[in-house]
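Just so you know, these numbers come straight off a predicted model, no measurement behind them. Chain naming here is simple, since letters A, B, ... match the order of the sequence lines and numbering starts at 1 in each.
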Amino acid sequence: MKYNALKGIHDIYPPDISLWQHIEKVAADIFTVFGFQEIRAPIIESTDIFVRSIGETTDIVEKEMYTFTDKGGRRITLRPEGTAPVVRCYVENYLYNLPSPQKYFYAGPMFRYERPQAGRFRQFFQIGAEAFGVAEPKIDAEILSMLKLLFERLGLRELCFQVNSIGCEQCRPGYRKALVSFFSDKLEGLCPDCTRRYELNPLRILDCKVDSCKRVRQDAPRVTEHLCSDCENHFGSLLSLLELLEVPHSINPDMVRGLDYYTRTTFEVTCEHLGAQNAVAAGGRYDRLVQEFGGPPIPAIGFAVGMERLVSLLKSSGEQNIPAPRTFIAVLGEDAGKQGLALANRLREQGIWTEIGYTGNSLKSQMRRADRLSAEYVLIIGDEEIASGNCKWKKLSDGSQGEIALSGVLAFFQ
RNA sequence: GUGAGUGUAGCUCAAUGGUCAGAGCACUGGACUGUGGCUCCAGUGGUUGGGGGUUCGAGUCCCCUCACUCACCCCA
């Protein structure tokens with residue numbers, strides 16, 4: 001019987017894994033200098049947590065969640081995103097009593113039951129960050145410049161930073177009304193999906209890809225023109241801070257995020273080389289969620305980076321650094337096999353990556369394997385070497401070789 | 001959930017309905033009894049995704065099914 005991984009769920013293994021590790025390391029380093037600390041929230045939570053935060057009528061909650069009942073009859077869901085568990089943790093453990101702001105980052109798998117396509121999987125990894133306790137747009141700008149630095153460090157170019165403000169509970173209802181009245185006499189020009197959106201969530205008509213909908217909405221009211229004065233000031237200062245921090249960006253008033261908890265600032269980082277799923281990172285402010293989860297009214301903002309999308313961009317844009325062993329021990333014969341193994345062990349104890357050949361293989365094939373591994377040195381041990389107490393070394397990059405005492409090998413590599 | 005496309009060796013791909021389904025790469029060995037890359041030679045590797053049908057004959061045509069891919073939708 002041959003088994004396959006589940007649809008939309010992929011293994012990650014060498015050589016790709018080194019790229020994943022590299023991204024995770026660079027991200028952790030950058031987040032750390034911005035004062036973010038790692039947080040590890042569970043992968044499964046009560047279903048309710050996601051329903052309440054993401055929104056009952058969103059697609060994620062309505063049809064994309066992996067939900068089951070556990071043996072105790074509890075409704076459980078595999079997290080479809082990372083913010084809700086972090087907020088739950090923040091509130092449950094009274095982390096708002098710690099000095100503000102509290103800033104966290106996380107990395108791990110998320111799950112959504114969707115039809116897989118380029119850049120979209122049922123299990124996908126996100127690296128995300130959340131900052132609690134600052135209402136000022138300063139932190140919004142910091143977060144965006146942190147993302148800019150991350151992508152720069154990873155060597156990514158041609159990214160497009162888009163920002164928007166979708167207002168707050170004060171001004172959004174008014175904007176929604178304005179949209180509804182704008183579209184009320186234009187319904188026949190909209191696609192079937194948008195006529196449904198008109199009822200449920202008219203803001204989503206703004207990011208429909210159908211041409212006729214694009215035409216119909218051309219003169220639709222802009223969210224940025226319907227902000228209350230607080231939101232307008234907030235957005236205005238964010239834009240000027242982005243100038244100050246030299247984060248190139250464009251304002252996209254049609255950008256509507258799919259999660260209900262967002263307020264004010266929303267943003268997306270997209271790349272045209274990604275295909276239909278072109279967002280490599282996205283996020284926004286969620287000033288009401290902590291309170292919604294039973295905490296005090298604490299503002300917050302966060303984002304998530306899509307690992308698979310990032311990996312695919314990095315794979316197509318640069319060459320990978322595949323890690324290589326420092327030395328390869330080629331052995332000829334039983335005794336040499338044993339001595340080589342013992343030597344390998346001593347080298348490894350010193351933190352030197354050592355590979356060893358197996359006596360069944362010819363020297364030629366062992367050399368070939370050392371070459372394929374890109375080992376820096378090969379040590380050759382056979383009967384002659386055991387008898388003389390020396391072994392041969394060869395540097396593969398230039399072919400130079402020589403002899404050293406078996407007892408001096410450790411020093412040779414240090 | 002809807003639509004389209006593709007399934008042949010580990011990978012990338014050939015093969016008018018007609019001998020035994022091939023090539024390159026990779027892997028193993030040899031040429032070079034103990035020295036990698038380059039070259040040459042050989043070997044390993046296939047239920048042509050699975051099932052049914054048409055036919056003297058199916059990798060090729062038809063039907064069903066499964067898987068994958070892309071797009072819609074949705075989103076990281």
Asks: Is A:A370 touching bases, backbone alone, or none of the nucleic acid, heavy atoms closer than 4.0 Å?
Replies: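 Nothing: the residue A:A370, judged by heavy atoms under 4.0 Å, touches no strand.
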
Asks: Check every strand shown and say whether A:R196 touches a base, only sugar-phosphate, or nothing at a heavy-atom separation below 4.0 Å.
Replies: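 Contact class for A:R196: none.
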
Asks: Kindly say whether, by distance alone, the side chain of A:Q366 makes a donor-acceptor pair under 3.5 Å with the base of B:U35?
Replies: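 Flag unset: no donor-acceptor pair detected.
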
Asks: Classify the side chain of A:R115 and the base of B:U2 as holding, or not holding, a donor-acceptor pair under 3.5 Å.
Replies: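 When only heavy-atom distances are counted, A:R115 does reach the base of B:U2 through a donor-acceptor pair under 3.5 Å.
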
Asks: Check whether the side chain of A:E385 and the base of B:G34 form a donor-acceptor pair under 3.5 Å.
Replies: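 Between B:G34 and A:E385, which were checked side chain against base, a qualifying N/O pair under 3.5 Å is present.
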
Asks: Quick one: what's the B/S/- string for nucleotides 40-47 of chain B, heavy-atom cutoff under 4.0 Å, read 5' to 3'?
Replies: --------

Asks: Give the nucleotide from the list B:C75, B:U35, B:G29 with an atom nearest to the side chain of A:S365.
Replies: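 Nucleotide nearest to A:S365's side chain: B:G29.
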
Asks: Under 4.0 Å, heavy atoms only, any strand: does A:G119 hit a base, just the sugar-phosphate, or nothing?
Replies: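 Touches a base.
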
Asks: For A:F328, what residues pass the ring-ring contact (aromatic ring centres under 6.0 Å, His included) criterion, not counting sequence neighbours?
Replies: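 Scan of A:F328 (ring-ring contact (aromatic ring centres under 6.0 Å, His included), adjacent residues dropped) gives none.
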
Asks: A:K364 side chain N/O closer than 4.0 Å to the phosphate oxygens (OP1, OP2) of B:G36?
Replies: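 Looking at the OP1 and OP2 atoms of B:G36, one of them is under 4.0 Å from a side-chain N or O of A:K364.
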
Asks: Please measure how far the P atom in B:G29 lies from the corresponding atom in B:G36, and state the result in whole Å.
Replies: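 Straight-line distance between the two P atoms is 13 Å.
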
Asks: Both A:E308 and A:G275 contact RNA chain B. Which one's nearest nucleotide lies toward the 5' end?
Replies: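 Residue closer to the 5' terminus by nearest nucleotide: A:G275.
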
Asks: Applying ring-ring contact (aromatic ring centres under 6.0 Å, His included), name anything that partners A:Y286, two or more places apart in sequence or on another chain.
Replies: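 Partners of A:Y286 under the ring-ring contact (aromatic ring centres under 6.0 Å, His included) test: A:Y261.
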
Asks: Among residues two or more places apart or on two chains, list those pairs meeting salt bridge (charged side-chain N to carboxylate O under 4.0 Å, His left out) that have a residue in residues 258-276 of chain A.
Replies: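 Those involving residues 258-276 of chain A are A:R257-A:E268.
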
Asks: Choosing from B:A31, B:C73, B:C27, which nucleotide comes nearest the side chain of A:R372?
Replies: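 Closest nucleotide among those given: B:C27.
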
Asks: So what does A:I127 touch, heavy atoms closer than 4.0 Å: a base, only the sugar-phosphate, or nothing?
Replies: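 Result for A:I127 = nothing.
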
Asks: What nucleic acid atoms does A:G399 come within less than 4.0 Å of, heavy atoms only: base, sugar-phosphate, or nothing?
Replies: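 Base contact - A:G399 has a heavy atom under 4.0 Å of at least one base atom.
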
Asks: Is the terminal nitrogen or CZ of A:K148 (NZ for Lys, CZ for Arg) located under 6.0 angstrom from the six-membered ring centre of A:F151 and within 45° of that ring's axis?
Replies: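 No, cation not above the ring by the 6.0 Å, 45° rule.
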
Asks: Toss me the dot-bracket line for RNA chain B: Watson-Crick and G-U wobble, both under 3.5 Å, 5' to 3', using | for pairs to another strand and [ ] for crossers.
Replies: (((((((..((((....[...)))).(((((.......))))).....(((((..]....))))))))))))....

Asks: From A:D140 CG over to A:S145 OG, what is the distance, rounded to the nearest 0.5 angstrom?
Replies: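 With rounding to 0.5 Å, CG (A:D140) is 11.0 Å from OG (A:S145).
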
Asks: Can you tell me if A:R204 touches the phosphate of B:C75, counting only side-chain N or O atoms and a distance under 4.0 Å to OP1 or OP2?
Replies: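 Yes.
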
Asks: Tell me which residues in residues 48-64 of chain A lie within less than 4.0 Å of RNA chain B, going by non-hydrogen atoms.
Replies: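 Listed by number, they are A:D59, A:E64.
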
Asks: For a quick check of understanding: with a heavy-atom distance under 4.0 Å over all strands, which category does A:E384 fall into, base, sugar-phosphate or nothing?
Replies: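 Base, at least one base heavy atom under 4.0 Å.
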
Asks: Regarding B:C73, can its base be found pairing with the side chain of A:Q117 as donor and acceptor, where the two atoms are less than 3.5 Å apart?
Replies: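 It does, because a donor-acceptor pair links the side chain of A:Q117 to the base of B:C73 below 3.5 Å.
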
Asks: For A:R120 and A:Y262, find the nucleotide of RNA chain B closest to each by heavy atoms; which residue's nucleotide sits nearer the 5' end?
Replies: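 Per heavy-atom nearest nucleotide, the more 5' residue is A:R120.
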
Asks: I want to verify a distance call: between B:U35, B:C68, B:C75, whose nearest atom is closest to the A:K394 side chain?
Replies: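 The answer is B:U35, which lies nearest to the side chain.
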
Asks: Answer yes or no: does a side-chain N or O of A:R197 lie under 4.0 Å from OP1 or OP2 of B:C74?
Replies: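 Checking B:C74 against A:R197, a side-chain N or O does come within under 4.0 Å of OP1 or OP2.
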
